[in-house]
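Read the structure below first, then the notes.
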Amino acid sequence: MPELPEVETTRRGLLPHLKGQKIRALIVREKRLRWLVPDFLPERISGKTVLDIARRGKYLLFDCRDGKESGHLLIHLGMSGSLRILDRPVQPGKHDHVDIVLENGVHIRLTDPRRFGAMLWIDGAVDAHPLLEGLGLEPLSDAFTGDYLFEVSRGKKVPIKQFLMNSHIVTGIGNIYANEALYHAGIHPKRAAGRLSLQRYTRLVQSIRETLNRAIEAGGSSIRDFVGSNGEAGYFQLDYWVYGRDGLPCRRCSAPIHSLRQGQRSSFYCPRCQR
DNA sequence: CTTTTGACCTGACAGC
DNA sequence: TGCTGTCAGGTCAAAA
């Protein structure tokens, strides 16, 4: 499920339910996520109040405080994770690994069949955490510009698709949006990152912004459903121009969409529209 | 240093 | 019905 727009949708959906709320307990049914959920976490987090939720790339960071003590709960949704709000107790299913129980009785439930997600505690400065310190720019920040990508790509021969998916360059762009953004920018996924002009990077940055923002809006339109009971958030409504459309006609020029493998991930592109 | 490959894990689906 | 193989929204760590 989660690329940046889904994580951002989750953040926005959770915030009104969590902001200012005190955590009563943390129920860990399965601690074997990507990394073990720390044994100390339930005790550490109980009694703390969630002041805010931030997002860094695909990481969610709950700002937790309890008078003197403060820290951040880090959550990553991996490939298959989701967070849902339960106003009433619901029997946990097989993959419902953790519940955050609030003083008001609401449960925030982490579900993650593949267990590629993470739940960790960060003491002190968030930016110094090993998982966060090396991250690249936020694609929706003002600092993320064509000039930035142009500069950091000089001399690199990695294909632009993999360059875009490198979180140490820019965070949050997953497989779907890398494909979609490259299509809208008219750039072939195999093009060497170091051989793209400043002009083309400027257009690419614009495409990335538009694609992500449109997806967030699509997710935003169904936040209510997400926060409610059935949990299907979504940018599923977002219509794809190339992703998953292997063999289908390009929606702009009708040429058949091609696919290939890059770094064990599927890429889709229009051989006529993308060079 | 860069680039590639393997690893983690479950579920859905196609084909036999 | 059931087996096997492939693929899926991520990304770290080791190998080359």
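Note on naming: letters A, B, ... go to the chains in the order of the sequence lines (proteins, then strands), and numbering restarts at 1 for each one.
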Problem set entry | R24(A) and S46(A): CA distance, side-chain angles, deciding distance, side chain to side chain donor-acceptor pair (under 3.5 Å) verdict | CA-CA 5 Å; R24(A) 180 195 291 162; S46(A) 294; over 6 Å; no
For this session: Show the numbers, then the answer: is there a side chain to side chain donor-acceptor pair (under 3.5 Å) between D112(A) and H97(A)?
Result: CA-CA 7 Å; D112(A) 185 6; H97(A) 306 313; 5.7 Å; no
For this session: Quote, to the nearest angstrom, the P distance that separates dT6(C) from dG6(B).
Result: 14 Å
Exercise. Can you check the I75(A) CD1 to dT11(C) P distance for me, whole Å?
Worked result: 15 Å
Exercise. According to a strict under-4.0 Å criterion, is K58(A) in side-chain N/O contact with OP1 or OP2 of dT11(C)?
Worked result: yes
For this session: For dC7(C) and dT5(B), measure between their P atoms and round to the nearest Å.
Result: 15 Å
Exercise. What does dA13(C) pair with, Watson-Crick or G-U, if both distances are under 3.5 Å?
Worked result: dT5(B)
Exercise. Under 4.0 Å between a side-chain N or O of K94(A) and OP1 or OP2 of dT10(B)?
Worked result: no
Exercise. Separation of Y240(A) atom OH from dA8(C) atom C1', in whole Å?
Worked result: 12 Å
For this session: Please report, rounded to the nearest Å, how far the C1' atom of dA8(C) is from the CG atom of L77(A).
Result: 16 Å
Exercise. Checking all strands, does R32(A) fall into the base, sugar-phosphate, or nothing category for heavy-atom contacts under 4.0 angstrom?
Worked result: nothing
Seminar exercise, completed: Paired with N175(A), the side-chain hydrogen bond (donor to acceptor under 3.5 Å, both in side chains) test is passed by just one of K161(A), R265(A), Q262(A), namely K161(A)
For this session: Look up atom CG in D52(A) and atom CZ in R11(A), then write down how far apart they are to the nearest 0.5 Å.
Result: 7.0 Å
Problem set entry | Q264(A) CD - dG6(B) P separation (whole Å) | 7 Å
For this session: Measure from CG on D246(A) to C1' on dC7(C) and round the result to the nearest Å.
Result: 13 Å
Exercise. Does OP1 or OP2 of dT2(B) have a side-chain N or O of K156(A) closer than 4.0 Å?
Worked result: yes
Problem set entry | Of the listed nucleotides dC8(B), dT11(C), dC7(C), the one nearest the side chain of F116(A) | dC8(B)
Exercise. How is R115(A) classified with respect to the nucleic acid when contacts are heavy atoms under 4.0 Å: base, sugar-phosphate, or nothing?
Worked result: sugar-phosphate
For this session: Kindly say whether H107(A) contributes a backbone atom to a donor-acceptor pair with the side chain of D99(A) at under 3.5 angstrom?
Result: no
Exercise. If each of R34(A) and H95(A) is mapped to the nucleotide of DNA chain B with the nearest heavy atom, which maps nearer the 5' terminus, i.e. the 5' end?
Worked result: R34(A)
For this session: Take Y59(A) and S266(A), find for each the nucleotide of DNA chain C with the closest heavy atom, and name the residue whose nucleotide sits nearer the 5' end.
Result: S266(A)
For this session: Figure out the CD/C1' separation between E8(A) and dG9(C), and round it to whole Å.
Result: 17 Å
Exercise. Is there a side-chain polar atom (N or O) of R114(A) under 4.0 Å from OP1 or OP2 of dG11(B)?
Worked result: no
Exercise. Does H76(A) make a side-chain N or O approach to OP1 or OP2 of dT11(C) shorter than 4.0 Å?
Worked result: yes
Exercise. Choosing from dC12(C), dT4(B), dG11(B), which nucleotide comes nearest the side chain of Q162(A)?
Worked result: dT4(B)
Exercise. Any side-chain N or O of H168(A) less than 4.0 Å from the OP1 or OP2 oxygen of dT11(C)?
Worked result: no
Exercise. Whole Å only: how far is the CG atom of L131(A) from the C1' atom of dT11(C)?
Worked result: 10 Å
For this session: Taking only the side-chain heavy atoms of R261(A) (C-beta and beyond), determine which of dC7(C), dT11(C), dT3(B) contains the nearest atom.
Result: dC7(C)
Exercise. Do any N or O atoms from the side chain of R29(A) and from the backbone of D96(A) form a donor-acceptor pair under 3.5 angstrom?
Worked result: yes
For this session: Would you classify F163(A) as touching base, sugar-phosphate or nothing, given that sugar-phosphate means primed atoms plus P, OP1 and OP2, and contacts are heavy atoms under 4.0 Å?
Result: nothing
Exercise. Can you check the K161(A) NZ to dT4(B) P distance for me, whole Å?
Worked result: 13 Å
Problem set entry | Watson-Crick/G-U partner (both atom distances under 3.5 Å) of dC3(C) | dG15(B)
